[in-house]
Amino acid sequence: MSSSHSGSPQPLSARRGKALSGHVKLPGDKSISHRAMIFGLLSVGETEIAGLLEGEDVIRTVDACRALGATIDRLGEGHWRVSGVGIGGLRSPDHVLDFGNAGTGSRLMMGVVGGHDITATFDGDASLRKRPMRRILDPLVEMGVQVVAQAEGGRCPITIKGAADPLPITYSTPVASAQIKSAILLAGLNSPGRTTVIETEATRDHTEKMLTYFGATLKVTHEGHDGRRIELEGRPELKPRPIMVPRDPSSAAFPLVAALLVDGSDLLLEGVMMNPLRTGLLTTLLEMGASIDIINPRYEGGEDVADLRVRASNLKGVDVPAARAPSMIDEYPILAVAASFATGETRMRGLNELRVKESDRLQAVADGLAEAGVTYAIEGDDLIVQGQSGAVRGGGTVATHLDHRIAMSFLVMGMATDKPMTVDDERVIATSFPSFVGLMRGLGADFFA
Ligand code: S3P
């Protein structure tokens with residue numbers, strides 16, 4: 001298994017510096033970038049993609065799409081062309097599909113392979129090898145997929161033999177997960193019948209939007225209070241379409257919170273995706289009293305986007321309801337950092353899924369807060385952070401556990417703490433935001449090795 005994180009760890013520290021200012025152009029959205037490649041593979045003809053996130057996770061998906069038969073060219077920065085083979089046209093890869101750190105890439109691609117009469121082995125780094133995959137394999141097995149080999153507990157490395165004629169199923173996802181939903185829909189693309197996914201809480205809908213955009217027949221209806229029912233007619237002929245990837249709100253979260261915390265800061269984040277299933281952090285920060293102006297809202301590349309003007313703010317603690325979790329699932333580490341500087345307590349409810357992200361994020365965040373001298377408690381699935389009213393001690397080294405968002409969150413924290421904060425390895429940031437360190441320095445951040 002190759003790993004982009006081989007070699008020695010590279011610690012990086014952040015200390016309080018000058019006010020942040022400037023215009024920020026963030027990289028493309030990770031979720032949409034993975035899907036853009038996959039839809040390129042599954043349509044016959046040429047799909048052009050602009051604004052692709054060229055992070056390590058997405059490059060693993062590019063490699064996997066090539067191994068399954070696509071011809072993929074990089075035409076310029078973020079500009080790619082995929083010549084796809086179409087639904088039913090994939091070939092078995094002649095090597096292990098190494099997804100590195102990428103949960104999304106590996107899980108969505110299990111769905112793709114599961115819907116084809118081919119065999120493939122999925123593997124990844126030490127973080128991916130710990131992540132639960134039964135949640136993907138279980139519905140795929142119902143569709144006729146055979147799990148040929150798996151590590152203990154349904155973990156990578158995993159070999160599956162896909163189904164030539166995937167059975168159309170109706171599946172209620174046991175946890176709110178766009179990855180589970182997407183894997184089933186992608187397998188269902190090659191099913192002779194209708195595949196239905198029911199989710200009790202709506203999760204990011206990029207797969208559904210792209211299915212419709214590429215010409216599949218999809219019906220989405222409300223289910224219960226917060227849920228959705230998604231019905232897909234199998235065996236459409238997907239037509240290649242140009243894709244413009246909007247800028248990633250989950251990456252925007254880092255300079256955004258940094259600007260809130262560093263005195264005197266004033267930043268403009270340009271063209272950030274505002275899909276309502278991704279804006280939970282924004283809602284929460286506004287409730288906390290953050291000065292964020294949503295400017296020039298518009299529709300670009302099939303998504304709502306807007307510019308965000310962010311100014312340093314005194315935040316107050318809030319109660320974040322569990323129902324908001326799907327719309328900000330990747331943003332809790334950076335919210336915990338923001339909450340540390342607030343006045344009063346912030347309670348974040350219903351964080352059980354954080355335990356199975358790139359790291360056990362609940363524990364990794366808690367350990368980082370402890371290093372920084374912030375008082376917190378974990379009560380069941382809730383994280384409670386006692387805000388320090390702007391004065392956080394800092395100091396200490398945070399273990400990143402191969403988790404890009406832990407690394408970025410605690411570097412942002414160090415930009416406003418009394419003593420610098422160090423993260424034990426910055427290399428993993430490249431999975432989702434390769435330009436993070438340079439971009440933050442360009443805005444005024446004082447990072448040092
Ligand atoms: C993603 C879904 C979420 C999220 C991940 C990206 C996606 O995972 O945490 O970073 O692109 O579908 P879950 O489906 O496990 O909630």
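As the structure is a prediction and not an experimental result, all values here were calculated from the model. Scope of the values below: all heavy atoms of this structure, side chains included, with no hydrogens, waters or symmetry mates. All ligand and atom numbering here is 1-based and tracks the order in the structure.
Two residues are said to be in side-chain contact when any heavy atoms from C-beta on lie closer than 4.5 Å; Leu186 and Ile184 fail this criterion.
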Under 3.5 Å, side-chain donor or acceptor atoms of residues 140-153 against the rest of the protein: list the pairs with distances, not counting sequence neighbours.
from   : atom 1 : to     : atom 2 : distance (Å)
Gln150 : OE1    : Arg134 : NH1    : 3.2
Gln150 : OE1    : Gly154 : N      : 3.4

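Every residue two or more places apart in sequence or in another chain that forms a side-chain hydrogen bond (donor to acceptor under 3.5 Å, both in side chains) with Arg278 is listed here: Asp29, His206, Asp248, Ser250. Scored by the side-chain hydrogen bond (donor to acceptor under 3.5 Å, both in side chains) test, Thr284 finds Arg324 as partners (sequence neighbours excluded).
Geometrically, Arg241 does not engage Phe214 in a cation-pi contact defined by less than 6.0 Å to the ring centre and at most 45° from the axis.
Closer than 4.0 angstrom to ligand 1 lie heavy atoms from Ser31, Arg35, Thr104, Ala176, Ser177, Ala178, Gln179, Arg204, Ile329, Asp330, Lys357.
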>> For Thr283 and Glu287: C-alpha separation, side-chain torsions, deciding distance, then whether side chain to side chain donor-acceptor pair (under 3.5 Å) applies.
In response: CA-CA 6 Å; Thr283 306; Glu287 285 175 3; over 6 Å; no

